[in-house]
Amino acid sequence: MSRRRVVIPSEEELERRNTVGIQAEHISNVQATDFPRHYPGEDNSWNINKFRNGFRVQFHKNDPLEASFSLIGIHAAVANAFRRIMIADIPTLAIETVFIENNTSVIQDEVLSHRLGLIPFKGGREGLHSFLKWYKRKPNTATDNLGVSDDHFDYNTVLLRLQVKCTHNEDAAEGERDPRKLYHHAHVYARDIEFVPVGRQARYFSGADAIVPVNPDILIAKMRPEQEIDLSMHMYKGVGSDHAKFSPVATASYRLLPAIKIVEPILGVDAEKFAKCFPKGVIGLRKVTRQEAAKQGSGYEGHEGELKAVVEDPMKDTVSRECLRHDEFNKKVKLGRKMDHFIFSVESTGQWESDAIFLESVAHLKAKCKTFEQQVINMVR
């Protein structure tokens, strides 16, 4: 009885499989092959311990409104799941209903309502994420025709008001041409929106935790004397899959880590030219050391003290392929992208902190997996 021989690929072969090849006119090796029976004699079945040892999260930037981090050792499907959850599944609070009492500005009612809905708001974390619940409208035939219902409570609806009227500024200097100085409320900004706490909302949204626009300088409308805007608004919880205004991110994207491998020495003037083919900081210039020049087969023999090109920070590269346009570099460098290294960029709209958005997406994915698991169990039963 013969035993099945187990093949262990070399580190060089594993690196080749894990790198998308980038050539002057095309890309290669774009499909993952780390699954069972693709390579004879290799066991590529998924293993939890192997995943734990290989998976890493590295934060490069972590500001309240912007974060950059790497997910290393993960499949593209999972990385994309995080991205889609961050965009479409994490709830936020946004203006959903606008009740216009008076609008004599030049902006039509529907356009004004749309602009108001897109203004991002922030408030106390406990109130936004724990106290406020989902709003579910209950049919009420007596009031449906009026556009109102009796299912608004302090735990599912936030009330806002906007009451501004443009008037002349009696203190304006003679000959003044700037309408913002000639008139009061010539420009209507997000800061003019007033939060009206109802019931227990005052406990969760007061002082520094009050519900206010993330950016008070967002321009809503321009008015002239005797024009007026008088309206009230209802804010509800929602998700980005229903409307983009509920998305907690301005952008949530990722890119693969660029891989730059110098296979033959690039020296002197060529090294300086090679560095200019990449964004600043990607390629560095170093002098060839005595040890390198003395090592046989290094390619640096007899070039002690000359400048050589080295890879400094591939993360700054945009993979423009500029270096492949020059014949002198074609066979000296290999470009690629790491298949399992995803560099995320997340910009928060302000209601969630940027890193908390990613952590919340992990919790959402876990909950989805639990639901799917239960559905499979129910199906088998």
Side-chain angles (χ1 to χ4, degrees), residues 8-34 38-39 54 56 58-61 68-76 79-80 251 253-345:
I8 301 177
S10 64
E11 291 293 330
E12 184 178 354
E13 172 62 14
L14 290 176
E15 183 180 0
R16 184 197 67 79
R17 295 177 187 177
N18 195 40
T19 304
V20 177
I22 297 178
Q23 287 77 37
E25 301 294 340
H26 69 283
I27 59 176
S28 60
N29 195 34
V30 296
Q31 295 182 348
T33 58
D34 55 342
H38 186 85
Y39 296 102
R56 304 194 310 277
Q58 293 180 351
F59 267 82
H60 313 298
K61 181 179 182 180
S68 176
F69 56 90
S70 290
L71 298 185
I72 306 169
I74 202 170
H75 196 275
N80 196 48
T251 58
S253 61
Y254 63 76
R255 61 190 178 97
L256 297 178
L257 175 70
I260 306 169
K261 187 176 182 180
I262 299 175
V263 295
E264 294 183 20
I266 302 176
L267 302 165
V269 177
D270 283 350
E272 297 178 3
K273 181 179 179 180
F274 183 72
K276 293 179 181 179
C277 293
F278 297 85
K280 186 177 181 181
V282 177
I283 302 297
L285 300 176
R286 299 286 184 270
K287 288 186 178 181
V288 177
T289 64
R290 180 177 300 177
Q291 292 80 3
E292 290 172 330
K295 185 178 180 180
Q296 294 296 322
S298 65
Y300 296 120
E301 299 95 328
H303 295 285
E304 181 183 348
E306 290 188 36
L307 291 177
K308 66 173 181 177
V310 296
V311 180
E312 290 277 1
D313 189 357
M315 190 173 293
K316 295 180 180 179
D317 186 31
T318 57
V319 195
S320 66
R321 306 188 226 190
E322 172 65 21
C323 64
L324 300 181
R325 296 178 60 246
H326 305 279
D327 293 335
E328 60 266 40
F329 302 138
N330 266 337
K331 296 182 179 180
K332 294 184 177 181
V333 62
K334 288 184 178 180
L335 301 181
R337 285 180 180 266
K338 295 296 183 182
M339 284 186 179
D340 65 345
H341 190 135
F342 300 88
I343 306 170
F344 274 78
S345 178

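Numbers here simply count residues along the sequence, with the first being 1. Excluded from the calculations below are hydrogen atoms, water molecules and symmetry mates; all remaining heavy atoms, backbone and side chain alike, are included.
Sorted by first and then second residue, the salt bridge (charged side-chain N to carboxylate O under 4.0 Å, His left out) pairs with a member in residues 255-284 read K273-E328; sequence neighbours excluded. Judged as a salt bridge (charged side-chain N to carboxylate O under 4.0 Å, His left out), the pairs with a partner in residues 17-33 (not counting sequence neighbours) are, in order, E13-R17, R17-E42. Listed by first and then second residue, the ring pair (Phe, Tyr, Trp, His ring centres under 6.0 Å) pairs that reach into residues 280-321 come to none, sequence neighbours excluded.
Considering all non-hydrogen atoms of both residues, I260 and V311 come closest at O-CG2, 3.5 Å. Of all heavy-atom pairs between H60 and S70, the closest is NE2-OG, 2.6 Å.
By the 4.0 Å N-to-carboxylate-O rule, K287 lies too far from E304 to be salt-bridged with it.
Around the NZ atom of K334, the shell of radius 6.0 Å holds no more than 12 heavy atoms that belong to other residues, nucleotides or ligands. Heavy atoms from other residues, nucleotides or ligands lying under 6.0 Å from CZ of R325 number 12 at most. In the displayed structure, R16 atom CZ is contacted under 6.0 Å by more than 12 heavy atoms of other residues, nucleotides or ligands.
For F274, the ring-ring contact (aromatic ring centres under 6.0 Å, His included) criterion is met by F278, F329, not counting sequence neighbours. Judged as a ring-ring contact (aromatic ring centres under 6.0 Å, His included), and not counting sequence neighbours, the contacts of H38 are F35. Evaluation of the side chain to side chain donor-acceptor pair (under 3.5 Å) rule for S298 yields no partner, not counting sequence neighbours.
Side-chain contact check for Q23 versus S28: some heavy-atom pair is nearer than 4.5 Å. At least one side-chain heavy atom of S68 sits less than 4.5 Å from a side-chain heavy atom of I343. For the pair H75 and M339, the minimum side-chain heavy-atom distance is 4.5 Å or more.
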How far apart are the C-alpha atoms of N330 and L324, what are their side-chain angles, what is the distance that settles it, and do they pass the side chain to side chain contact (heavy atoms under 4.5 Å, CB included) test? CA-CA 5 Å; N330 266 337; L324 300 181; 4.0 Å; yes
Apply side chain to side chain contact (heavy atoms under 4.5 Å, CB included) to the pair F342 and N80, showing each step before the final yes or no. CA-CA 10 Å; F342 300 88; N80 196 48; over 6 Å; no
Might you work through the side chain to side chain contact (heavy atoms under 4.5 Å, CB included) test for R337 and L257, ending with a clear yes or no? CA-CA 5 Å; R337 285 180 180 266; L257 175 70; over 6 Å; no
Determine, step by step, whether L307 and L267 satisfy the side chain to side chain contact (heavy atoms under 4.5 Å, CB included) criterion, reporting the C-alpha distance in whole Å, the side-chain angles of both residues, the deciding distance to 0.1 Å, and the verdict. CA-CA 6 Å; L307 291 177; L267 302 165; over 6 Å; no
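Ring geometry, F69 versus F59: the interplanar angle falls from 30° to 60°, so the pair is classed tilted.
The distance from the CD atom of Q31 to the OG1 atom of T33 is 9.5 Å, given to the nearest 0.5 Å.
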